[in-house]
Amino acid sequence: MSSDIISTLPNNIIEKILTLMPIQDALRTSILSKKWRYSWRSMPKLVFTDNMVTMSSNHLCGQLRKYKLASAIFHVLLFHDGPTILKFKFCCFGLQMDSEFDQIISYLARGNKVKKLCFIIKKNCYKLPISFFSLQELEVIHLENCIFEPPLIFDKFSWLRKMKFMDVDVSAQMLERFLSKCPLLKHISLNRYKEGTDFVAGGNKYTFVDLLQCVPLIQDLEIADSYMKYLCPGGMLHKLPTSLVHLKYLCLDVCMTEQNEISFVLCMIRSSPLLGKLTLRMYDNEKSLVPQTSNNFLDPEAYLDLNLDHLEILDIDIYSNLPLVKDFVKLIIAKSPVLKKVRIELNDNSNFLDPEDNLNLTLDHLETLEIEMFSNSPLEMEFVKVVMAKSLVLKKVRIELNDNVSVDEEVKMLRDLVLLPFPRASPSAKLIIERPEAS
């Protein structure tokens, strides 16, 4: 009698199947056949979450959950006999397991065969143990809600290529100490979205100049607002001492009322000759006044040395209508000869399509404007007003509404277009608003 199909599958296919399953289900496959009995022991990817063990929410049950979860993790690790663990991920959403985490990391460090480590903690900030810095075989680090304090002396992370920090408490000094030990690092993401203490403050004497000198091979760089605030005090150099010749993607949170942050962006652009994509996430600092700058502060003619010869994509989130913001965007576009795509997400308060800002727009021969699938969004309304303000011989405006536009929205739209004052170059233009014919 021939063996069943599931027992004849190649080992690499079995491994692939196991990695696509929740780990508790992968362990249960040991009952399928003799060949599958120990297959889970060589799984290259191990993913654990604290919701693997569910019980009631009282204190005693919480302690029992921790015990059962830790026991399950150590059971898998103790019997794991694969040559490497390509990925070890732990997501903790409710339990506080600091001592258990310490033991898990210490055990992983002894084997030192983990390539990618993800620790995602949601409840309490977890301080990484010293043993974490013995994981020199790591190629990827992803940490969330951790305290990161490298010791004074530790070996290089010679294989680390990517690091992502989210809500990680780390001083600039500690960050510089770690980056200096990562010669192959190519991808860095420093993100923070949670309000709290100034985690990169505290006698900070390091700037982005110091940090970027540690990562000459950097290709992708993402920096959130909290890091920007503390790592570019007093402005930036005109250009970095050493160009970032490998940097292709740059994503920055930028406050356009902060001169230091603007100068940092310009410094990074000058220092990145192969930059292919630039994403700017703009935000407002309510405590900062709008800077008083000369009219030609961001005039393209004043930046002859600013070249973005390889920039193909410009992404801007939360665009505001400050003159300095508009000038900055114009400068970037003017210096990007091969730019292919510009995406701008507008601030709710932005009057991006204000007719006064489009003085060079003339529609001297437009007689008819027709728009279909009109959804009555603020930007669509502003667009209609701009066209009507710039069309001297306009005779007819026909707008066909989207099915999703309610009757109340239609009435408000009519009131805005007919009764509210806004510039009309042709007051006699006929306005027609229709709903699509029922099919």
Side-chain angles (χ1 to χ4, degrees), residues 256 278 280 282 295-296 298-301 308 311-439:
M256 295 303 291
L278 175 62
L280 300 175
M282 297 183 177
N295 292 331
N296 63 345
L298 290 173
D299 185 347
E301 296 299 320
L308 287 161
L311 188 70
E312 296 186 353
I313 301 175
L314 174 62
D315 239 342
I316 298 178
D317 291 338
I318 318 300
Y319 178 95
S320 68
N321 205 40
L322 290 173
L324 194 59
V325 175
K326 292 188 288 186
D327 290 343
F328 183 83
V329 174
K330 290 176 183 177
L331 172 64
I332 299 300
I333 293 175
K335 296 294 184 175
S336 306
V338 298
L339 193 63
K340 295 180 179 179
K341 178 182 177 181
V342 177
R343 188 193 70 85
I344 297 177
E345 179 182 309
L346 299 179
N347 187 311
D348 291 339
N349 299 320
S350 173
N351 56 342
F352 179 66
L353 289 173
D354 188 339
E356 296 299 319
D357 291 333
N358 293 275
L359 298 177
N360 60 340
L361 178 67
T362 55
L363 295 165
D364 296 339
H365 301 279
L366 185 69
E367 296 185 355
T368 302
L369 169 65
E370 292 192 357
I371 301 177
E372 297 180 356
M373 300 296 292
F374 190 86
S375 63
N376 197 32
S377 70
L379 192 57
E380 288 175 325
M381 286 291 291
E382 293 302 317
F383 176 79
V384 171
K385 291 177 182 179
V386 167
V387 173
M388 294 180 71
K390 299 293 183 176
S391 304
L392 295 172
V393 296
L394 190 66
K395 296 179 180 179
K396 177 183 175 182
V397 177
R398 188 185 76 85
I399 298 175
E400 183 179 292
L401 300 177
N402 188 307
D403 289 334
N404 296 326
V405 178
S406 68
V407 174
D408 289 341
E409 289 178 308
E410 182 180 354
V411 171
K412 183 180 184 302
M413 185 180 73
L414 279 167
R415 185 171 65 249
D416 290 347
L417 290 175
V418 176
L419 300 179
L420 295 182
F422 70 90
R424 291 179 177 84
S426 176
S428 61
K430 184 178 181 180
L431 177 63
I432 302 172
I433 297 179
E434 302 175 340
R435 289 190 172 272
E437 296 181 3
S439 56

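All values below come from the heavy atoms of this structure, side chains included, with hydrogens, waters and symmetry mates left out.
Annotation: the span from L366 atom CG to K390 atom NZ amounts to 13.5 Å, rounded to 0.5 Å. Once rounded to the nearest 0.5 Å, the distance linking CG of L392 with NE2 of H365 reads 9.5 Å. One distance of note links NZ of K430 with CZ of R398; it measures 12.0 Å at 0.5 Å rounding. From S406, atom OG reaches atom CG of L401 across 10.0 Å, with rounding to the nearest 0.5 Å. Note that CZ of F374 is 13.5 Å distant from CG of N404, once rounded to the nearest 0.5 Å. The distance from atom CG of L314 to atom CG of L308, rounded to the nearest 0.5 Å, is 9.0 Å.
Considering all non-hydrogen atoms of both residues, S426 and S391 come closest at CB-O, 3.5 Å. Listed here is the closest heavy atom pair of A425 and A389: CB-O, 3.4 Å.
For the side chain to side chain donor-acceptor pair (under 3.5 Å) test, no residue two or more places apart in sequence or in another chain qualifies with S428.
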*Given the rule in the side-chain contact (heavy atoms from CB on, under 4.5 Å) test, do I332 and L311 qualify, once you have shown the distances and angles that lead to the verdict?*
CA-CA 9 Å; I332 299 300; L311 188 70; 4.0 Å; yes
_Stepwise side-chain contact (heavy atoms from CB on, under 4.5 Å) test for M413 and V405_ = CA-CA 10 Å; M413 185 180 73; V405 178; 6.0 Å; no
*asked:* Under the criterion side-chain contact (heavy atoms from CB on, under 4.5 Å), I'd like the reasoning laid out for N376 against M381: C-alpha separation, chi angles, the key distance, then a yes or no.
replied: CA-CA 6 Å; N376 197 32; M381 286 291 291; 3.5 Å; yes
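A salt bridge is absent between R435 and D403; no separation between the charged side-chain nitrogens and carboxylate oxygens falls under 4.0 Å.
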